[in-house]
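Heads up, the thing below is written out as C-alpha cells.
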Amino acid sequence: MGIDAVPFILKEIQKEPSQLVHALDLIFPGVVKYEGFVSLKEACEKWISILKETGIAS
C-alpha cells in the first residue's frame, strides 16, 4: 500500500505503540536513524512527530 497506508498507521500508533511503525521505515527509508536500542514507544513517538511536522499526515 505504501504511502496510502500512512494515515492508517499514524492513527494506530497514536492509540498505542504498534509494530506497524516499522512499515514507516520501509515507506520512508533513511528518515529515522536508530542507534542502539529504541523502544517501540520511542519509535512511535518519533514517527508521530515527524509525520505531523512535515504535514505528511495530520
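Residue numbers start at 1 and run along the sequence shown.
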Checklist entry - What's the verdict on side-chain contact (heavy atoms from CB on, under 4.5 Å) for Q14 and K52, showing C-alpha distance, side-chain angles and the deciding distance? => result CA-CA 11 Å; Q14 285 177 315; K52 287 186 173 186; 3.0 Å; yes
Checklist outcome for this item: What one should report as the nearest heavy-atom pair of V21 and A43 is CG2-O, 3.8 Å
Next on the checklist: How long is the straight-line distance from CG of D25 back to NZ of K33, given to the nearest 0.5 Å?
Outcome noted: 10.5 Å
Checklist outcome for this item: In this structure, CG of L51 is separated from CD1 of I13 (nearest 0.5 Å) by 6.5 Å
Checklist entry - Roughly how far, to the nearest 0.5 Å, is the NZ atom of K11 from the CG atom of L20? => result 12.5 Å
Next on the checklist: Test of understanding: clusters of I, L, V, M, F, W, Y form through side-chain heavy atoms closer than 4.5 Å, transitively. Do L26 and F8 belong to the same one?
Outcome noted: no
Next on the checklist: When you compare the side chain of H22 with that of L40, does any pair of heavy atoms fall below 4.5 Å?
Outcome noted: yes
Item to check | Sub-4.5 Å side-chain heavy-atom contact between I50 and F28 | outcome: no
Item to check | E45 and S49: side chain donor to acceptor below 3.5 Å | outcome: no
Item to check | W47 and L10: CA distance, side-chain angles, deciding distance, side-chain contact (heavy atoms from CB on, under 4.5 Å) verdict | outcome: CA-CA 8 Å; W47 272 109; L10 178 61; over 6 Å; no
Item to check | Between CD1 on residue I9 and CG on residue L24, distance to nearest 0.5 Å | outcome: 4.5 Å
Checklist entry - Can you name the nearest heavy-atom pair linking C44 to S18, along with the distance? => result SG-N, 3.5 Å
